[in-house]
Amino acid sequence: DAKTTQPNSMESNEEEPVHLPCNHSTISGTDYIHWYRQLPSQGPEYVIHGLTSNVNNRMASLAIAEDRKSSTLILHRATLRDAAVYYCILRPHGSGNTGKLIFGQGTTLQVKP
Amino acid sequence: GAVVSQHPSRVICKSGTSVKIECRSLDFQATTMFWYRQFPKQSLMLMATSNEGSKATYEQGVEKDKFLINHASLTLSTLTVTSAHPEDSSFYICSARDRGVGTEAFFGQGTRLTVV
């Protein structure tokens, strides 16, 4: 499975934008970039995913580098409820793929009031 | 979004006993479910892939006879920790994908197992 690299931790101030980076230099052409987050004592929740183009949804935006070797999850206005561990995961798509997710260490985001 | 429910959310058991954890997809059918384990301050570790109507596929290093997985229907998978020991104390999390649509995975709320 292709590996991702994320900073261990980041801090943000409430109501300011947050940019969470992820490096995935060994990404293959069939790998989608997925982001999940895990709040304390809960299961992870889906945030966003993309392949080549930037993506937006109600939770966040995903900016994908042109060479796809890195991506950035953007929270436009951080709130205290966004404090969580954010995981960037590569998931191959295609027939015969089980869809399992392999989690790295993720980035622990602290949001200060 | 789709809902995956785990039960129980917390369980304490005595060493040597077995514990069953249920994972249900409430509003969709899941051909495949996944079981993870998470120790404090660590990331999720995939234990096994649970396939409806067939044997589970275990990750390397996970004892299939200790962690019994049954996926008898498209909405239910169970994980049984047999002969539990204190080192099995952990946070167990299941996930499932809706076989019909989408590519995102949905996770249960997790089960905190404490073996005393």
Side-chain angles (χ1 to χ4, degrees), chain A residues 1-9 22 30-53 55-60 62 73 83-110, chain B residues 1-7 9-10 21 23-25 30-52 54-60 62 71 90-114:
Chain A
D1 298 309
K3 183 181 167 71
T4 63
T5 305
Q6 299 177 252
N8 288 333
S9 63
C22 180
T30 58
D31 286 337
Y32 277 69
I33 302 159
H34 284 244
W35 283 81
Y36 286 78
R37 72 179 186 181
Q38 185 180 25
L39 279 65
S41 299
Q42 295 186 30
E45 66 173 338
Y46 168 82
V47 178
I48 201 166
H49 78 278
L51 182 63
T52 56
S53 302
V55 184
N56 300 297
N57 66 21
R58 64 175 181 82
M59 288 182 71
L62 177 60
L73 179 71
V85 180
Y86 287 78
Y87 296 99
C88 168
I89 303 169
L90 300 183
R91 197 181 124 194
H93 280 224
S95 61
N97 191 284
T98 64
K100 65 183 181 182
L101 298 175
I102 304 300
F103 285 77
Q105 291 306 306
T107 297
T108 300
L109 175 65
Q110 292 184 317
Chain B
V3 177
V4 173
S5 177
Q6 264 184 259
H7 178 80
S9 57
R10 290 179 180 272
I21 302 169
C23 178
R24 293 180 185 273
S25 56
T31 311
T32 306
M33 291 184 176
F34 305 91
W35 287 96
Y36 295 83
R37 181 169 54 181
Q38 185 175 33
F39 293 108
K41 306 288 186 187
Q42 294 187 24
S43 185
L44 286 77
M45 186 194 80
L46 180 65
M47 298 175 68
T49 301
S50 169
N51 302 298
E52 186 266 336
S54 65
K55 290 183 179 180
T57 303
Y58 290 82
E59 295 297 306
Q60 191 172 7
V62 178
H71 194 157
S90 189
F91 193 50
Y92 292 86
I93 307 167
C94 71
S95 80
R97 288 178 57 227
D98 186 340
R99 69 172 186 171
V101 296
T103 60
E104 64 198 82
F106 301 97
F107 288 81
Q109 70 271 39
T111 297
R112 178 77 59 192
L113 170 64
T114 304

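It should be emphasised that the depicted structure is a prediction, and the values quoted were computed from it without experimental measurement. We name chains A, B, ... by the order of the sequence lines, and we start the count at 1 in each one. Computed from heavy atoms alone, side chains included, the values below leave out hydrogens, waters and symmetry copies.
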If you count heavy-atom pairs under 4.5 Å with chain B, which of Gly43(A), Gly106(A), Pro44(A) comes out on top?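 Highest number of pairs under 4.5 Å: Pro44(A).
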Would you confirm whether His34(A), through its side chain, and Ile89(A), through its main-chain N or O, come within 3.5 Å as a donor-acceptor pair?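 No; zero donor-acceptor contacts below 3.5 Å.
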Which of these, Trp35(A), Tyr86(A), Tyr36(A), Tyr87(A), sits in a ring-ring contact (aromatic ring centres under 6.0 Å, His included) with Tyr46(A)?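 The ring-ring contact (aromatic ring centres under 6.0 Å, His included) with Tyr46(A) is passed solely by Tyr36(A) among Trp35(A), Tyr86(A), Tyr36(A), Tyr87(A).
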With a 4.5 Å cut-off on heavy-atom pairs, point out which of Met45(B), Gln42(B), Gln38(B), Arg112(B) contacts chain A the most.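 Highest number of pairs under 4.5 Å: Gln38(B).
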Heavy-atom cut-off 4.5 Å, strictly under: side chain, backbone, both or neither for Thr108(A) against chain B?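 It is neither, since no heavy atom gets under 4.5 Å.
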Side chain, backbone, both or neither of Ile93(B) within contact of chain A (heavy atoms, under 4.5 Å):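 Side chain only.
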Between Thr111(B) and Gln6(B), does the side-chain hydrogen bond (donor to acceptor under 3.5 Å, both in side chains) criterion hold? Intermediate values first, please. CA-CA 7 Å; Thr111(B) 297; Gln6(B) 264 184 259; 3.0 Å; yes
Parallel, tilted or perpendicular: which one describes the rings of Phe103(A) and Tyr36(B), with boundaries at 30° and 60°?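 Perpendicular.
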